[in-house]
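Just so it is clear: chains get the letters A, B, ... in the order the sequence lines come, proteins before strands, and each one is counted from 1.
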Amino acid sequence: MLTEQVIHVVDDDLPFLAAIERTLRSTGLTVRGYTCARALLDEIDLNQPGCIVTDLRMPDMNGLELQQALDKRHCHLPIIFITGHGDATTAVIALKGGAMDFLTKPFSEKDLLNCVAQALQKNLIDRRLAGEQAVVRERYTNLTPREQQVFRLVVSDLPNKLIARQLKISPRTVEHHREHVMHKMQAHSATELLTMAMLCGIRELHL
Amino acid sequence: MDSKPSDKTLDYVDLFEHAPTGYAVLDGVGCIEKINHVGAALLGWQANWLVGQPFSRWLVNSDREPFIAHLRQLGSSAGGHSATLRIKNRQGRLLTLWLQSQVVMGQTNANTIIRTIMVDISGEQASARKLRSLQSQLAHLSRLNTAGELAASLAHELNQPLGTVVLNCDAALRLLGTDPYRTDEVMEVLSQAKSAATFASDIVRHLRSFLRDEDEQSSACEFSGLIKDVSVLIEAEAKDNDIELEIDIDPDLPPICADPVQIGQVLVNLAHNSIEAFNERTCTNKRVVIAVKRLPPDRIWVSVTDTGPGIHPHDIEQIFSPFYTTKNHGMGLGLSISRSIIEAHGGKLWATQGMLHGATVEFTLPTPPTSVGEPHAD
């Protein structure tokens, strides 16, 4: 698994791109620079952790379009947008699309490094969550259909008696399935089971 | 004698006295013989006091000569003669009077009389002056308005190099803080900051030459230089709107005789209109082409073409009327001012609908006669 975090920088203004790359490299970070959004889309490895720093206004494909293209490819690297001047409409669109942050030119090295550090931190957390989510999902798919039914009713806060009535089985059988669910999901308490359900959206998806 | 003629005379006296214009009878040397109420009121005195006074008494000093010339002219021509003269009345107010006079020759000089009507045109003169100043203010305002709308994209354009300056200066400071630091690295970073700063100042200089409101004299100027000045503004806006901008200049253009700021204003205006046209409707293939060509023998031809929604046939002449606009915002002055600027330069400006879509606004400008047919030496 790739672990090194890479910062992808996209800006059509060469001197500016060079300055950003220099600043980021000075702190020992790994940087890849691109002069247009297409180049990034062509070259980026979606499994590599990191973040993206991109200019909003570029010929060919602008920052917002890049954001949409990445979203389509299920790439969830945090994106920091660089803008020449604060434009509320664009900012709203970008933030709704999940933008991490905005940097308004001109900004200092400190501003840039702070932003990037936060983005990388967020990416770490995102990846850990995604990893946990994958594990939980995996365990969930290993449950029998009946166990999945019981799981969903348990995390909906229904007592065993009501679950039994709803599934038209005995409370004792419910108890039985429940033990299996706890075991297979590797949950030690009802609360932990609930957390898992929330984490991979089971509770919201099936309620 | 019955009373009827007398009534009629009274009617005429009344008509004379209260005619809606000043009326005076002067003698052969310009002294007042009779003057009606309105005329007397213009001078600020009672009519009976004015009789016998030389009319020139109320004229401002510099207009006494022209008044005498006016009287002389009457003697030599059978018809009437008119003059515009300024007087200072009893209350000290300056008035501009339009005089229309006719002479009635007598047997002797003493019998000669001059009939004069006097109309106060101070109001009209002031309105004409006011109109002129308003027009020039409007031209400036519309320039500022256009510039204001451009300022946002210009801010972006300026922040671009400034962003580079700040990051490079920060890097230089960081490098200098390390011990030992590498001189070549610091120098490289600083020279990059410098070139970015120079780039920013170029943008500002071009903008300034566009914005100043001076009565520039027309002078021989190169169109290519002029385009360079305004293209900074146009390019920034085009880029902001994802529009492809193409500037196509004939390499051997003769110099034109023009006020560069005004022609620059026209160009920015036309390009701005084209760019805005794309906002009215969603368009693909957004392109604006500015072409400049030589039009032998003595003109140059400039066209601004876009691939936008075009101009409605109903609007094609209307768009040149002041305050007529097809946009959701805007004053409707751009094209009317542009046309008057081009016409003042001896050129023509018109609009045409594109073959398939889009619109073209084009104008011609005369080139100074000396350069006709001669290759221009730089």
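Between B/Thr164 atom OG1 and A/Leu17 atom CG the span is 10.0 Å, to the nearest 0.5 Å. Of the inter-residue distances, the one linking A/Arg57 atom CZ with B/Gln160 atom CD reads 7.0 Å to the nearest 0.5 angstrom. To the nearest 0.5 Å, atoms CZ (A/Arg22) and CD (B/Glu188) are separated by 5.5 Å.
The number of heavy atoms from other shown groups lying within 6.0 Å of CZ (A/Arg25) is above 12.
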Validation: residues 27-41 of chain A side-chain donor-acceptor distances under 3.5 Å, sequence neighbours left out:
residue : atom : partner : partner atom : Å
A/Thr27 : OG1  : A/Leu24 : O            : 2.8
A/Thr30 : OG1  : A/Glu4  : OE2          : 2.6
A/Tyr34 : OH   : A/His8  : ND1          : 2.9

I'd like to know whether B/Asp242 forms a side chain to side chain contact (heavy atoms under 4.5 Å, CB included) with A/Asn62, so could you lay out the CA-CA distance, the side-chain angles of the two residues, the decisive distance to 0.1 Å, and finally the verdict. CA-CA 9 Å; B/Asp242 285 325; A/Asn62 66 35; 3.8 Å; yes
Working note: A/Lys110 + B/Asp170, criterion side chain to side chain contact (heavy atoms under 4.5 Å, CB included); need CA distance, chi angles, decisive distance, verdict. CA-CA 9 Å; A/Lys110 208 177 111 201; B/Asp170 259 2; 5.7 Å; no
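In this structure A/Phe16 satisfies the ring-ring contact (aromatic ring centres under 6.0 Å, His included) test together with A/Phe107, sequence neighbours excluded.
Residue B/Glu185: no heavy atom, backbone or side chain, is found under 4.5 Å from chain A. Interface remark: B/Ala171 contributes backbone and side-chain atoms alike to the contact with chain A (heavy atom separation under 4.5 Å).
Counting all heavy atoms, side chain and backbone alike, B/Leu167 lies closest to A/Ser108 at CD2-C, 4.0 Å.
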